[in-house]
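Owing to the predicted nature of the structure, the values given are computational and were not obtained by experimental measurement.
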Amino acid sequence: MSDVYLKAWHGGLGDALQFSTLPEEFYKQQGRKTYIVEDAPFRNPEIYDLVWDKNPYVHGKKAGVWNAGDLAEIPYQQLCMDGKGTGNMISNWELFHGLKPVNTHPKIYYEPEMHDGFKDVFIVDYTSTTIDYDQNELKRILEDTKKEYPDKRFLSVDFTKSVSSNSYNIDYDGYVEVESIFRYCDLIASSYGILTLSSGASHMSSAIKDYSPDLKSICVMSKKWYNYHKERGLFFFDNINYVTY
């Protein structure tokens with residue numbers, strides 16, 4: 001069979017992670033090699049480094065005809081709303097690419113390094129590039145979560161590299177520096193939990209739970225956004241706890 005040339009239409013972390021199981025399944029089920037299309041967009045190069053360069057079933061970047069990913073000829077949302085999907089984004093993409101659906105969570109092949117001193121920490125990542133959130137609701141949910149876990153420290157991420165995102169004026173117990181996407185994986189895996197918005201960090205935490213199964217991952221969504229995702233089989237994973245407002 002022909003080689004697979006994969007890319008996501010958008011360049012975010014979640015956009016790449018939604019296809020992260022495809023290369024392995026293309027190889028195991030169809031014996032096909034996967035390449036990342038040479039002009040595939042990435043919001044920052046570390047997304048490629050984590051999701052694709054560390055994936056042993058990806059053979060690098062290569063020019064070719066885009067034939068896998070969120071192609072226009074795969075009417076993903078309509079298929080889901082017509083009841084033809086699996087109810088899960090990861091297995092949906094496998095099914096819609098002619099594969100047997102076997103996975104339900106995104107996958108990373110980088111094994112995080114565990115660091116001491118974070119087992120009493122909830123990482124808080126209230127950064128978002130595409131969605132505006134109600135700041136008062138975010139404060140309330142943070143305070144409610146603190147009450148539920150009174151013996152934990154709630155540390156906000158402080159990205160040392162410039163990250164373009166919405167910001168909110170919220171008080172935390174402190175901050176933890178994040179120098180790279182790999183360091184972020186290490187910190188999440190080493191921590192007690194992570195409280196995020198609907199973003200790449202939340203989707204990445206779903207994959208990290210393969211290495212750190214006791215990780216508590218909480219994702220904040222408005223009810224409208226939650227219902228939109230659930231109805232269309234989008235970014236919604238059963239190993240994440242969703243809190244709505």
Expected output: side-chain [X] to main-chain [Y] donor-acceptor under 3.5 Å:
| X | Y | answer |
| --- | --- | --- |
| Ser91 | Pro101 | no |
| His97 | Asn92 | no |
| Lys209 | Leu215 | yes |
| Ser20 | Leu17 | yes |
| Ser212 | Ile208 | no |
| Asp3 | Thr34 | no |
| Glu46 | Ser180 | no |
| Trp66 | Ala68 | yes |
| Arg32 | Ser2 | yes |
| Gln135 | Asn169 | yes |

Which heavy atom of [X] sits nearest a heavy atom of [Y], and at what distance?
| X | Y | result |
| --- | --- | --- |
| Gly200 | Leu13 | O-CD2, 3.5 Å |
| Leu142 | Phe154 | CD1-CD2, 3.8 Å |
| Val51 | Asn55 | O-CB, 3.5 Å |
| Gly85 | Leu95 | CA-CD2, 4.4 Å |
| Trp93 | Gly69 | CZ3-O, 3.7 Å |

Tell me whether [X] at atom [atom1] has more than 12 heavy atoms from other residues, nucleotides or ligands lying less than 6.0 Å away.
| X | atom1 | answer |
| --- | --- | --- |
| Asp39 | CG | yes |
| Lys139 | NZ | yes |
| Lys119 | NZ | yes |
| Lys107 | NZ | yes |
| Asp151 | CG | yes |

- Message: Would Ile240 and Ser202 count as a side chain to side chain contact (heavy atoms under 4.5 Å, CB included) here? Give the steps.
- Response: CA-CA 8 Å; Ile240 305 294; Ser202 176; 4.1 Å; yes
- Task: Go through the steps to decide whether Asp186 and Tyr110 satisfy the test side chain to side chain donor-acceptor pair (under 3.5 Å), and finish with yes or no.
- Result: CA-CA 10 Å; Asp186 297 344; Tyr110 167 72; 2.7 Å; yes
- So, for Phe159 and Tyr184, is the gap between ring centers shorter than 6.0 Å?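 Distance test on ring centres: under 6.0 Å, yes.
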- May I ask you to check whether Phe236 and His229 place their ring centers less than 6.0 Å from one another?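 So the answer is no for these two rings.
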Looking at side-chain heavy atoms only, is the closest gap between [X] and [Y] below 4.5 Å?
| X | Y | value |
| --- | --- | --- |
| Leu187 | Val178 | yes |
| Asp53 | Tyr48 | yes |
| Lys54 | Asp49 | no |
| Met89 | Phe235 | yes |
| Tyr35 | Val58 | no |
| Lys33 | Val4 | no |
| Thr21 | Pro106 | no |

Are [Y] and [X] linked, directly or through intermediate hydrophobic residues, by side-chain heavy-atom contacts shorter than 4.5 Å (ILVMFWY only)?
| X | Y | answer |
| --- | --- | --- |
| Val243 | Leu197 | yes |
| Val102 | Leu99 | no |
| Phe182 | Met114 | no |

Rounded to the nearest 0.5 Å, how far does [atom2] of [Y] lie from [atom1] of [X]?
| X | Y | atom1 | atom2 | answer |
| --- | --- | --- | --- | --- |
| Ile181 | Ile108 | CD1 | CD1 | 8.5 Å |
| Asp82 | Gln77 | CG | CD | 11.5 Å |
| Ser217 | Asn241 | OG | CG | 8.5 Å |
| Phe19 | Leu22 | CZ | CG | 7.0 Å |
| Phe122 | Leu195 | CZ | CG | 7.0 Å |
| Tyr149 | Asp144 | OH | CG | 12.0 Å |

- Item | CA sep, side-chain torsions, deciding dist, call: Asn239, Ser206, side chain to side chain donor-acceptor pair (under 3.5 Å) | CA-CA 6 Å; Asn239 61 354; Ser206 176; 2.9 Å; yes
- Item | N-O pairing of Asp173 and Lys146 below 4.0 Å |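 Counted as a salt bridge, because a side-chain N and a carboxylate O are separated by less than 4.0 Å.
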- Item | Residues Glu143 and Lys147 bridged, charged N to O under 4.0 Å |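 Judged by the 4.0 Å cut-off on N to carboxylate O distance, Glu143 and Lys147 do not form a salt bridge.
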- Message: One pair to check against side chain to side chain donor-acceptor pair (under 3.5 Å): Thr127 and Asp125. What are the steps and the verdict?
- Response: CA-CA 6 Å; Thr127 60; Asp125 188 345; 2.4 Å; yes
- Other than Tyr57, what residues sit in its cluster of Ile, Leu, Val, Met, Phe, Trp and Tyr side chains whose heavy atoms are under 4.5 Å apart, directly or through others?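 Members other than Tyr57 - counting any ILVMFWY side chain reachable under 4.5 Å - are Tyr27, Tyr109.
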- Message: Given the ring of Tyr192, does Lys152 sit roughly above its face, with NZ or CZ under 6.0 Å from the centre of the six-membered ring and within 45° of the axis?
- Response: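 Positive - Lys152 is close enough to the ring of Tyr192 and near enough to its axis.
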